[in-house]
Structure formats: C-alpha cells, structure tokens
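Worth saying up front: this structure is predicted, and the values here are computed from it rather than measured. Below, read A as the first sequence line, B as the second, and so on, with proteins coming before strands; counting in each chain starts at 1.
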Amino acid sequence: MSTSWADSVAADNNAASGSSNINGTGVASHPARSTYVPPHLRNRPPTAEPPFSSHSAPPSDNDRIGYGGSTSGSRPGGSRPDYGRQGYGSGGRGGGGWNSRGGDGIVGGEVNPFGNDDVNDEAERAFAEQESTGINFDAYEDIPVETSGENVAPPVNTFAEIDLGEALNLNIRRCKYVKPTPVQRHAIPISLAGRDLMACAQTGSGKTAAFCFPIISGIIRGQFERPRGYRTVYPLALILSPTRELSMQIHEEARKFSYQTGVKAVVAYGGAPINQQLRELERGVDILVATPGRLVDLLERARVSLEMIRYLALDEADRMLDMGFEPQIRKIVEQMDMPPPGLRQTLLFSATFPKEIQRLASDFLSNYIFLAVQSVGSSTDLIVQRVEFVHASDKRSHLMDLLHAQMTNGIHGKQSLTLVFVETKKGADALEHWLYASGFHATTIHGDRTQQEREQALRSFKSGNTPILVATDVAARGLDIPHVAHVVNFDLPNDIDDYVHG
DNA sequence: AAAAAAG
C-alpha cells in the first residue's frame, strides 16, 4: 500500500515575504462555515446597524483615573511578596527609584519585550516588519467576513479609528502593526462595545491582538478594585489555550501590547516548576494566560481566584475540546468562583464551529455575536500546496531531496526554516535521528520531551540553529513562527479537520 | 488512532 505526503510551500521564494503559519498548509477553507447561522439567530429579520459608540467600556466599577494608585507603599521587587495587585503599576514607575532609569531595557521594573528597537540593516527591517504578523496584508482585502447577532458594532479600517488609548496605540506602533486584520477590524469594535463574541478564525489571522487589545484597554479604563488575599491573586482577565507553547506565545504578545500600561500579564502552564510561576503571580497579575491543567491546580491550591474575572478568552476552543479539556474548562468556567455570563465578557475563538463548540458557546456566552472570517490560506497568492504520492519506502529520500533544495534557498547565509509534521512521537524521534545522521540540523517537539527540551527546540528552530523542526501536532495549531518557508506533512493526517486546521 | 495536558 502506498502512502502519500504533502508539502506546502510558500509561493514566493523571496524568503522575506515567505513567512507563513507554522501550519500554513494553505488548504481551501470550509465553505459551510461562512454560511453558518447560530441556532439562536436563525429566522430573524436582518437588523439595521444602529448608531454606535465606538468605545463604550465594558462594565466598570468606577471611573477613577490613576490606575494602581492605592498601593503607594508597595515596593516592587521587594523581598516581601506583594499580595493582590499591589507591587506594580504606578508604584513601579512613579517613584521608589527602583530601576526607574531603565538601564538595560528595563523601565520601571518592566523588561522591554520588544528587545532592541534599533533596526539598522534594511533587510532586517523588512524582515522585522513581516515578522510582526507573518501576514501579507494586501492578500486580505477581499477576505469575506460574516457577522450575525443584534447591534453588531461596525468594523473599522484603521487602528486610529478605535480609541484604545495612548499607551496601547504606542505599543501597536512598536509592534509595527500597520492595519488591522479582518478579524481585528470586526472583533475589536464588538469587544470594545462590551459584547460577547464567538469568532471563527484561523491561526495567523491576528486573533491574539483581537482579544488582547479590548481586554487591555478595558482593564486600563476599568479601574477595577480587587480584594487582597493571603497568597491568593485575583486576575481580571483569563486567557485559556490548549498547549503550553501557545500559552507562552500569547503571553509574549500580551506583554508587548501591555508594555508600560500598568497592566500585567502572567503565564502559567504545566511541565515547568510551579514555584516560579507562583512567585510571578504574587507580584501581581491582571491577565492570566494558562493551560487548563495547571490553572485547575492553581485554583485548587487557592493561589488564584477567578472571582474578579471581567474578561474570559478561550483560544483554539475546538482544539481544547479535541484534547479532552472540556471537563477542566467547565470546571474552571462554571464550577469555580468565576462570575457568570453577563457579568463577565467572554470571547470564544475556534477554527471550526461543530456542535460541541456551539454548546460551549451557548453555555459560556451571553447574547453573543457570531463572527466568521474566511481562511487566509484560501488565497493561492500566498501559499502553494503540493501533494505528492510516494511509496512509504521513498518518503525519507524524497524529504531529503526537498531539504537539499531548501539549503540553497536561505537568506542571510542561513537556511530557511522547514517544519515537518509527523503523526507520532516515536516517528518524530526516528525522523530526527535519521535527518541528523544524514547531516541535517534537526530537532523535535512533542509531548514525550520535557518542557525544557520543548522550549529549547522551539528557540533553536526560530533562531535558525536547527532549521528543521520535526513536530507532532503539539505544534499543529496556533503557533505562529516567523520565517517558516516550508511546511511538510510527512504523514498524511488521518483527521482531515486537523489537516486543514479548520 | 495519536497526541496533548497536572503531578
């Protein structure tokens, strides 16, 4: 019996613009999705778009300005753990003199998440600009977007049209975001209006910013008071994601977006020492990014309370259900101390919208708006896909041919990055070993490796040290790695939904 | 069916 493997290749061999999603297989979108109407919205007359205030803030306790001002006595970085939300915010920047000179990229005790801002080399600059999203904006113009629900806030065309606040606007510029992506154009105004949202969008569509901007903006405006517990922290926003690496990535982005806003994002996931994460939490947390298992652990230890949650975002929800997280997610959202729908704002993101997600949406969301963004990958300008049928015994030599061709394709003297997906952890190790023996610098990422090894592998791949990464579907969705030129599906996926990633 | 996620 012959097997097949498919590869997808960024059409544009100019590597600077060839960055693609880690899972950029570029398969056509689901036509069914765009026409889906949520059950509760069927058979309703279309509603005209009403006049709309573009930045009404979500429910807030009061309107005071001067975020974090009530903790004047706190000492950021002091030896005593700071409880609740004290320990950062205005205390870090205003006074105290702790690192306030901002020497090595540290300002007010906050590490600059943007790294070195000076981009001198012109090629590097072009690279960096692509890196900000990995997306060719021009390919976006005609992407169909569908919304349904009552009183849907109209989309915006520029970030300037949205009043996100000065600090956030500055960070958007630092991220070199020029123009909102389709999901951002629609989702941000809807979220800023305080509405719950169910959004179908794929990886690389700019989802993270779409839910982070309104959350950060809302927290800045909200001035939420919080209790102080002994070792218990009270985040205002919770972002759940299926894999540890995706949580890390969301956290990194959230840190950039919230830089110097006084809003603090913390990440918690399994496989890493919990003590370090606990210390980080004790220093204060507004936005908690977490994988479900570790969060349940933290909740059971009463180190985190969800009582003050105002914003809940679930990323890659269908994937979380696929991975069997529904019990944990329901425990977190329904059986702990989180405010019910209506008293919090909930944003649910999923690549697909099957029955289970529909059920989750009707349980977690209140009077929500449904948003479907067509797949970017359907643009053949962006990605070329090739399927080759080869005998199982020829697969490796076939891959080797492809990798050899790739070696001459690099830029800046570095080989461009190739991501190889395989079905099993064992298969990943075997392929890596074989590649290594064949003279290729390859590494692997899969669930049998320690978290340290996984993170090291990802760093090594991103840096180009090992330009080949063999991965199981721990990396199959959500991760967005700049400069990936080739994505190879070495084993034909059994699950076609995984293959088209929605 | 395999993979992922809490030790």
Tell me: [atom1] of [X] to [atom2] of [N], nearest whole Å?
{"X": "A:E423", "N": "B:dA1", "atom1": "CD", "atom2": "P", "value": "13 Å"}
{"X": "A:L240", "N": "B:dA5", "atom1": "CG", "atom2": "P", "value": "14 Å"}
{"X": "A:I445", "N": "B:dA3", "atom1": "CD1", "atom2": "C1'", "value": "13 Å"}
{"X": "A:R449", "N": "B:dA3", "atom1": "CZ", "atom2": "C1'", "value": "16 Å"}

* Do A:T291 and A:S247 meet the criterion of a side-chain donor-acceptor pair at a distance under 3.5 Å? -> no
* **A:Q249 and A:E245 side chains, donor-acceptor separation under 3.5 Å** => no
May I ask you to verify if any side-chain N or O of [X] is less than 4.0 angstrom from the OP1 or OP2 atom of [N]?
{"X": "A:T472", "N": "B:dA4", "value": "yes"}
{"X": "A:K426", "N": "B:dA2", "value": "no"}
{"X": "A:R244", "N": "B:dA5", "value": "yes"}
{"X": "A:T291", "N": "B:dA6", "value": "yes"}
{"X": "A:R454", "N": "B:dA5", "value": "yes"}

* Do the side chain of A:K425 and the main chain of A:D448 share a donor and acceptor less than 3.5 angstrom apart? -> no
* Sequence neighbours excluded - ring-ring contact (aromatic ring centres under 6.0 Å, His included) pairs with any residue from residues 270-298 of chain A -> none
* Enumerate the residues from residues 323-333 of chain A whose closest heavy atom to DNA chain B is under 4.0 Å, giving them by residue number; use none for an empty result. => A:M323, A:F325
What pairs of donor and acceptor atoms, side-chain ones from residues 427-438 of chain A against any protein atom, are under 3.5 angstrom apart with sequence neighbours left out?
| from | atom 1 | to | atom 2 | distance (Å) |
| --- | --- | --- | --- | --- |
| A:D429 | OD1 | A:H446 | NE2 | 3.0 |
| A:D429 | OD2 | A:H446 | NE2 | 3.4 |
| A:S438 | OG | A:W434 | O | 2.7 |

* Structure fact -> Which of A:E316, A:Q202, A:Q184 passes side-chain hydrogen bond (donor to acceptor under 3.5 Å, both in side chains) with A:K207? Answer is A:E316
